> 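Pasting in a structure now, in structure tokens, and then I'll have a few things to ask.
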Amino acid sequence: MTPEQVAAASKPLVLELGEAFSRCPSTLRRARLLGISGWAFYITGRAGALGDVRAETVAAALGFIAPEAVADGWDAAVRTVPPLEVAGANLAECCRWGVATLGDAPATSRLAGLLRRAVDAADGSGMPLFAAWRAMPVDDPAPGARAAVALLLLREHFAGAYLLAVRASGMTPLEAVLAGPEGDAGAAACGWPPPYPPVGPLVRRRLWAEAVTDRLVSPAFRALTPGEGAELLNLLTAARLRLRR
């Protein structure tokens with residue numbers, strides 16, 4: 001498989017697995033322990049790796065969430081907990097979820113190794129959130145934790161690449177969300193208020209942006225041989241099946 005083929009085929013798997021820990025009840029309980037809402041924990045847990053920055057900077061890095069919704073979560077959290085502390089708690093929950101869900105089987109160790117090689121080879125130019133997360137130290141050596149963190153990192157790489165591709169296509173982030181599979185419901189979930197523009201003319205641009213995303217991410221998978229790329233897809237598919245049981 002070519003690196004671009006691996007990028008395209010792995011994208012839905014990485015996007016699902018890389019955020020699965022954030023929906024875990026234990027992760028949501030961590031928010032309550034910190035004294036903040038689940039939404040504040042999601043925003044600040046994800047963007048807190050950037051450090052003590054303004055909400056406008058966070059909104060620019062996240063891209064697809066409405067700036068007002070970002071500010072609501074970020075400002076509420078930083079009044080109570082430093083952003084890096086929330087990011088550290090988020091990382092700890094990711095590791096915990098990885099150990100509990102992915103385990104320590106040889107396949108998990110292999111998955112972690114392949115993912116980490118791709119993450120290390122990825123170009124973080126124009127992707128501040130990915131770069132910030134890649135610089136975060138990870139202390140848990142367990143295979144499940146390493147695999148889960150690598151999935152988180154690769155998910156942020158895909159998300160950053162897609163944001164760049166969307167802007168290059170001429171779409172706004174809101175238009176990209178509306179043209180996606182969840183449409184108006186996705187826009188509402190991301191905090192964008194109606195009324196929404198028609199999506200018909202946007203679908204072709206979105207497909208172009210998806211293809212550009214694959215090209216932007218594909219250099220990360222040049223660190224793998226064609227056989228290793230196919231192996232990675234098999235391991236990701238098996239991990240998703242285990243998650244859905």
Side-chain angles (χ1 to χ4, degrees), residues 1 3 5-30 41-42 45-49 86-124 127 129-162 213-214 217-245:
M1 299 183 72
Q5 288 172 329
V6 176
S10 68
K11 180 165 56 182
L13 298 165
V14 168
L15 293 179
E16 179 178 343
L17 291 167
E19 70 168 2
F21 81 94
S22 67
R23 298 190 298 272
C24 178
S26 294
T27 302
L28 300 177
R29 282 196 295 272
R30 178 64 73 98
F41 184 81
Y42 173 76
R46 188 175 167 201
V86 183
N90 195 49
L91 183 61
E93 288 301 317
C94 179
C95 290
R96 178 204 53 76
W97 175 88
V99 171
T101 306
L102 302 176
D104 60 357
T108 301
S109 183
R110 178 62 170 166
L111 173 63
L114 293 173
L115 287 169
R116 189 68 224 192
R117 283 164 57 190
V119 166
D120 288 343
D123 183 356
M127 303 180 193
L129 201 52
F130 166 71
W133 270 106
R134 188 164 59 176
M136 290 278 287
V138 181
D139 298 325
D140 195 329
R146 292 189 293 111
V149 172
L151 285 165
L152 181 157
L153 289 167
L154 200 54
R155 180 185 180 278
E156 290 296 354
H157 188 49
F158 271 112
Y162 185 52
T213 300
D214 298 338
V217 174
S218 64
F221 295 107
R222 292 176 190 165
L224 309 180
T225 67
E228 287 173 333
E231 180 186 4
L232 174 61
L233 291 174
N234 289 333
L235 291 171
L236 288 170
T237 300
R240 183 170 66 174
L241 289 173
R242 188 158 58 248
L243 177 65
R244 290 182 172 183
R245 285 174 185 168

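All of these numbers come straight from a predicted model, not from anything done at the bench. As a basis for the values below, the full set of heavy atoms in this structure was taken, side chains included, without hydrogen atoms, waters or symmetry mates.
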> Measure from the side-chain N and O atoms of R117 to the backbone N and O of A223, and report whether any donor-acceptor pair falls under 3.5 Å.
yes
> Say you draw a straight line from CG of L15 to CG of L154; how long is it, rounded to the nearest 0.5 Å?
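Interatomic distance, L15 CG to L154 CG, rounded to 0.5 Å: 8.5 Å.
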> Is any side-chain heavy atom of V119 less than 4.5 Å from a side-chain heavy atom of H157?
no
> Rounded to the nearest 0.5 Å, what separation is found between the CG atom of D120 and the CG atom of L153?
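CG of L153 is found 9.0 Å from CG of D120.
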> Closest approach of A89 and F41, non-hydrogen atoms and distance?
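Distance-wise, the nearest heavy atoms are CB-CE1, 4.1 Å.
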> Determine the minimum heavy-atom distance between D214 and A8, stating which atoms define it.
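So the two residues come closest at OD2-CB, 3.4 Å.
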> Mind listing the closest non-hydrogen atom pair of A7 and F221 along with its distance?
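Taking A7 first and F221 second, the nearest heavy atoms are CA-CE1, 3.7 Å.
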> Looking only at non-hydrogen atoms, find the nearest pair between F130 and A122 and report the distance.
CZ-CB, 3.7 Å
> What distance separates F158 CZ from M127 CE, expressed to the nearest 0.5 Å?
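Interatomic distance, F158 CZ to M127 CE, rounded to 0.5 Å: 10.0 Å.
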> Donor-acceptor pairs are to be reported for all side-chain atoms of residues 137-150 against protein atoms at under 3.5 Å, with residues two or more places apart or in another chain.
from	atom 1	to	atom 2	distance (Å)
D140	OD1	A142	N	3.0
R146	NE	P141	O	3.2

> Ignoring hydrogens and angles, write down the donor-acceptor pairs under 3.5 Å from the side chains of residues 103-114, residues two or more places apart or on other chains.
from	atom 1	to	atom 2	distance (Å)
T108	OG1	L102	O	2.7
R110	NE	E231	OE1	3.4
R110	NE	E231	OE2	2.9
R110	NH2	E231	OE1	3.0

> So which atom in G18 and which in R155 form the shortest heavy-atom distance, rounded to 0.1 Å?
C-CD, 3.6 Å
> Would you say E16 and L243 make side-chain contact, with heavy atoms under 4.5 Å?
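SC-SC contact between E16 and L243 confirmed.
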> Evaluate R46 against E156 for salt bridge (charged side-chain N to carboxylate O under 4.0 Å, His left out), listing each step before the verdict.
CA-CA 9 Å; R46 188 175 167 201; E156 290 296 354; 2.8 Å; yes
> Is there a side chain to side chain donor-acceptor pair (under 3.5 Å) between R29 and S26? Walk through the geometry before answering.
CA-CA 5 Å; R29 282 196 295 272; S26 294; 2.8 Å; yes
> Could you give the side-chain donor-acceptor pairs of residues 90-98 under 3.5 Å, partners two or more places apart or in another chain?
from	atom 1	to	atom 2	distance (Å)
N90	ND2	G45	O	3.2
E93	OE1	R96	NE	2.8
E93	OE1	R96	NH2	3.2
E93	OE2	R30	NE	3.2
E93	OE2	R30	NH2	3.1
W97	NE1	T101	OG1	3.3

> Going by heavy atoms in the side chains, are K11 and V217 under 4.5 Å from each other?
no
> To check you understand the geometry: which heavy-atom pair defines the closest contact between A132 and A49, and what is its length?
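That would be CB-O, 3.6 Å.
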> Find out whether F21 and L151 are in side-chain contact, i.e. whether some heavy atom of one side chain is under 4.5 Å from a heavy atom of the other.
no
